[in-house]
Every structure is written in C-alpha cells, then in structure tokens.
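A short worksheet on the structure shown next.
What you see is a predicted model, and the numbers here were worked out from it, not measured in a lab. Proteins get letters first, then strands, A, B, ... in listed order; numbering begins at 1 in each.
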Number of protein chains: 2
Amino acid sequence: MHNSKLRRRSNCPISFSLDLLGDSWSLLIIRDIIFAGKKTFGEFLTSDEGIARNILSNRLSRLETIGLINKSPHPDDRRKDLYEVTEAGLDLLPVLFELSGWGAKHEPETADTLTWLTDVQMNKDSLIQLIRQTVINGGSVFTGSESVINQLERRQ
Amino acid sequence: MHNSKLRRRSNCPISFSLDLLGDSWSLLIIRDIIFAGKKTFGEFLTSDEGIARNILSNRLSRLETIGLINKSPHPDDRRKDLYEVTEAGLDLLPVLFELSGWGAKHEPETADTLTWLTDVQMNKDSLIQLIRQTVINGGSVFTGSESVINQLERRQ
DNA sequence: TATTTTCAGTTGCAATTTGAAACTTAATTT
DNA sequence: AAATTAAGTTTCAAATTGCAACTGAAAATA
C-alpha cells in the first residue's frame, strides 16, 4: 500500500534506476509480461522463481505507481485484473537484454532460454521495435500465436 | 563472511543476474570503480548515495566471491586494500549504460551526469572497448589524467 | 439455487536484511 | 610517544522478506 522508498539517493541516473528497480523481483515481473505474456496475479505466481503473494502484491502496486505497468479489470472474469506493461516499462527491454546477456555468459547453464536471440540475424534495434509492437498489441515474445518467435519464423 | 543467497532461483539468465546483482548497492560499487576510479573502502564510503560501512563490507566481499572484483593490498598504505574490477565486472558495462539511459530518460534531472556520453560521436562498442582498456590500465571514465573523457577530448 | 472452487489480495508472524553509530585493531602521521 | 586515520566488526533497532493461513468476492459446479 503506502509506497515507501521513493526518495532519490543521488542524482546519478544509474542510482535512480536502482532506487526503483534494485531488488530481485521487479524486473522479473516486467520480464514475465514481455517474454511470457503473463497478465494476471495468478500467472505471476506460477513463475519458476516462486515469488510470495505479499511480495508480488507489493511489487505490482509499486510498479504501477512508478508507471511501468497498468492495471485494469479483466474483461472475462471480474475476479481478475489485467496487468500490462507501459511504454516506460518497455523501455527496460535493453536492460533486460543486457542482464540476460551477462547472465548467460557467466552461467552458461542459463543460456538455453535465449539462444534463439543470439541466433536471430536481426538488427538489435529492429528486434526491440518488433517486441515493443508485439507486446503493445497484446502479444509477447514467447507465447501466443502472434508471439515474436512465431513472427520471426514466418519471416524466414 | 558466510555468503548466503547463492542458490539460483531458476535457469533464467535474467533471474541469475538478479540473484547476484539484484539489490540497490552492488552495481553502484561497480559504477564507482569504473566511472569514478574509486579503489578503497573509504572512497566507496564517500559516494553520494551514502552506503553504510557494514553493507559496503558485505557487498565488497560478495562481489569478490562472485568474481566481479579483486582485492589486493594497497602498495602505499598497508592499512588499505585496493579493489579492482575484473573482466567479468567490466562485462557489466552494457548493463550500466542501459540502466543509466533508462534513468536519464525517465528522470531527466539525473541526466546531467552523462550527457557527455550521448554527445560522444562514437560507436558504442568502441566506447566500451576504450573504457575497458582504460580501467584495466588503472584509469577510469571520469577521473585521472588518463580518464576516458580526457582521451576523447585529446582525440578531437 | 446452494455449494464448492477459484482468484486476488491481506494478515500474522518468524527470520533475514538493512542502516546508523559505536567500537576495535592495525598502520600512519605528527 | 601520542594522536589520527583506515578498514572493518559489533550491536541493536527498524524495515523487509517469505511463508502459511485467512478473507471476501466472483465463478463454476451440482
């Protein structure tokens, strides 16, 4: 609820980003939306990392306050809400890619998930643009018929 | 000392990176070394964000355990140690740049610090390579006579 | 319609982490 | 020899985390 930790520690942009995102869950939620197409509380709960319900609740409202995600009523089920990433949230794509690249390089066991990316013969900016458009249109990188991977396969 | 939190939550490379770096201090230490040329405990303490001594101590030993920094005796003062970034730590440069870019975009007040970067007419990979070499040689981005900014100025 | 199940979130509580300040020990400076 | 500086450690209160049980509303089932 009341949102704590809104004080900027310094005027450094890296520090500012970490003020908002410097914990081990926030970016995973953004990842889940963009890559796995997750949209509801229950879907976030099922991720491998096993976030606790109260932490999830806290992070979702914080991300909403910050303006990285939007919450809206689910059209088909009034118990649920729909969480979607904003443009500002999509601006984190390069951060996610670099974190992913670093992790995959330094713990190769984790690299399987995204070999597709390094395989893709595509300008990085174009790829990011494609992902943005896909997600804006309700899709995601990995899931759904209009997933980014499907689109890329179709193009080949 | 005993280093807790070494269990990987999942096989996702982003999650893995956050297992190691998902807090609000670790990346700031790497930033201080690379950008501000800080090398000693006392220098890290003076950063604007105001890290506490015990947290700093904890993070330095963790970063060393992970292999992102090296610790060695200070040649001129046996009370001090010298902390230097490793190649794996330098691999975080793209992450730092993207976090910086995101922060500067979404909180323009923090952008002053790095306008120099956006101004630089230089291939991004080349810039990163220049920074790596500079830091490997004991320099940093902003400080010292062989700083990256000095080198860039000389080139113009 | 009545009952059961599902869903999102909250609450309570123990364990861990954080943060500030005082303290320790060794080395350097005066 | 005495005072100062440096890197950490210790102590303790406050905040955060994580787990499990609970709640209330809506949906599904019988």
Side-chain angles (χ1 to χ4, degrees), chain A residues 1-10 15 18-29 32-33 38-66 69-84, chain B residues 1-10 15 18-29 32-33 38-66 69-84:
Chain A
M1 32 200 82
H2 4 77
N3 235 307
S4 64
K5 208 213 238 179
L6 286 179
R7 167 175 148 276
R8 197 182 316 156
R9 287 177 294 174
S10 78
S15 165
L18 293 173
D19 286 342
L20 303 183
L21 302 165
D23 73 278
S24 52
W25 295 113
S26 300
L27 284 171
L28 293 187
I29 294 173
D32 280 348
I33 299 177
K38 300 194 174 186
K39 290 177 191 301
T40 65
F41 193 90
E43 287 173 331
F44 296 125
L45 274 186
T46 69
S47 292
D48 286 345
E49 291 82 14
I51 189 170
R53 311 174 79 91
N54 54 344
I55 308 291
L56 177 58
S57 177
N58 173 279
R59 293 302 189 281
L60 285 172
S61 60
R62 193 155 93 191
L63 289 172
E64 195 190 5
T65 303
I66 298 170
I69 62 176
N70 281 327
K71 182 183 187 173
S72 61
H74 193 293
D76 304 337
D77 187 334
R78 287 193 301 163
R79 289 172 303 181
K80 301 183 186 177
D81 285 305
L82 230 49
Y83 295 95
E84 290 167 306
Chain B
M1 30 207 79
H2 7 75
N3 232 309
S4 61
K5 208 214 239 177
L6 286 179
R7 168 176 147 273
R8 197 183 315 156
R9 288 177 293 174
S10 78
S15 165
L18 293 173
D19 286 342
L20 303 184
L21 301 165
D23 72 279
S24 53
W25 295 113
S26 300
L27 284 172
L28 294 186
I29 294 173
D32 281 348
I33 298 177
K38 302 196 175 185
K39 291 176 191 303
T40 65
F41 193 91
E43 287 173 331
F44 296 125
L45 275 185
T46 69
S47 293
D48 286 345
E49 291 83 13
I51 190 171
R53 312 175 79 90
N54 54 345
I55 308 292
L56 177 57
S57 177
N58 173 279
R59 292 304 188 280
L60 286 172
S61 60
R62 193 156 92 191
L63 289 172
E64 197 191 4
T65 302
I66 298 171
I69 63 176
N70 280 327
K71 181 183 188 174
S72 61
H74 193 292
D76 303 337
D77 187 335
R78 287 193 302 164
R79 290 172 302 183
K80 301 182 186 177
D81 284 306
L82 229 50
Y83 295 95
E84 291 168 303

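- For R53(B), the side chain to side chain contact (heavy atoms under 4.5 Å, CB included) partners two or more places apart in sequence, or in a different chain, are F41(B), L45(B).
- As rounded to whole Å, 11 Å separates atom P of dT9(D) from atom CG of L56(B).
- Taking the ring axis of W25(A) as reference, the NZ or CZ atom of R9(B) stays within 45° of it and closer than 6.0 Å to the ring centre.
- Nearest heavy-atom pair, I69(B) versus L60(B), reported as atom, atom and distance to 0.1 Å: CD1-O, 3.5 Å.
- The side-chain hydrogen bond (donor to acceptor under 3.5 Å, both in side chains) search around K38(A) returns T46(A), S47(A), not counting sequence neighbours.
- Remark: E84(B) engages no residue in a side-chain hydrogen bond (donor to acceptor under 3.5 Å, both in side chains) (not counting sequence neighbours).
- Distance, N58(A) CG to dT17(D) P: 7 Å, rounded to whole Å.
- The nearest whole Å value for the distance from the CG atom in D19(A) to the C1' atom in dT16(D) is 16 Å.
- When rounded to the nearest whole Å, the span between CZ of R9(B) and C1' of dC19(D) equals 16 Å.
- Under the salt bridge (Lys or Arg N to Asp or Glu O under 4.0 Å) criterion, D77(B) pairs with R79(B), sequence neighbours left out.
- Ionic pairing of D23(B) and R62(B) is present here: one or more N-O contacts between side-chain nitrogen and carboxylate oxygen are shorter than 4.0 angstrom.
- Atom NE2 of H74(A) and atom C1' of dA27(D) are 13 Å apart (whole Å).
- Here the C1' atom of nucleotide dT17(D) and the CG atom of L28(A) are 15 Å apart, to the nearest Å.
- The distance from atom NZ of K80(A) to atom P of dT6(C) is 12 Å, rounded to the nearest whole Å.
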Check your understanding: Can you give one letter per nucleotide of nucleotides 19-30 of chain C, going 5' to 3': B for a protein heavy atom under 4.0 Å from the base, S for sugar-phosphate only, - for none?
Key -> BB-B---BBS--
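- For E64(A), there are no side-chain hydrogen bond (donor to acceptor under 3.5 Å, both in side chains) partners two or more places apart in sequence or in a different chain.
- Partners of R78(B) by side-chain hydrogen bond (donor to acceptor under 3.5 Å, both in side chains), not counting sequence neighbours: none found.
- Less than 4.0 Å separates DNA chain D from no heavy atom of any residue of residues 38-47 of chain A.
- In terms of phosphate contacts, S57(A) brings no side-chain nitrogen or oxygen within less than 4.0 Å of OP1 or OP2 of dA8(C).
- Taking atom CG of residue D23(A) and atom P of nucleotide dT17(D), one finds them 7 Å apart after rounding to whole Å.
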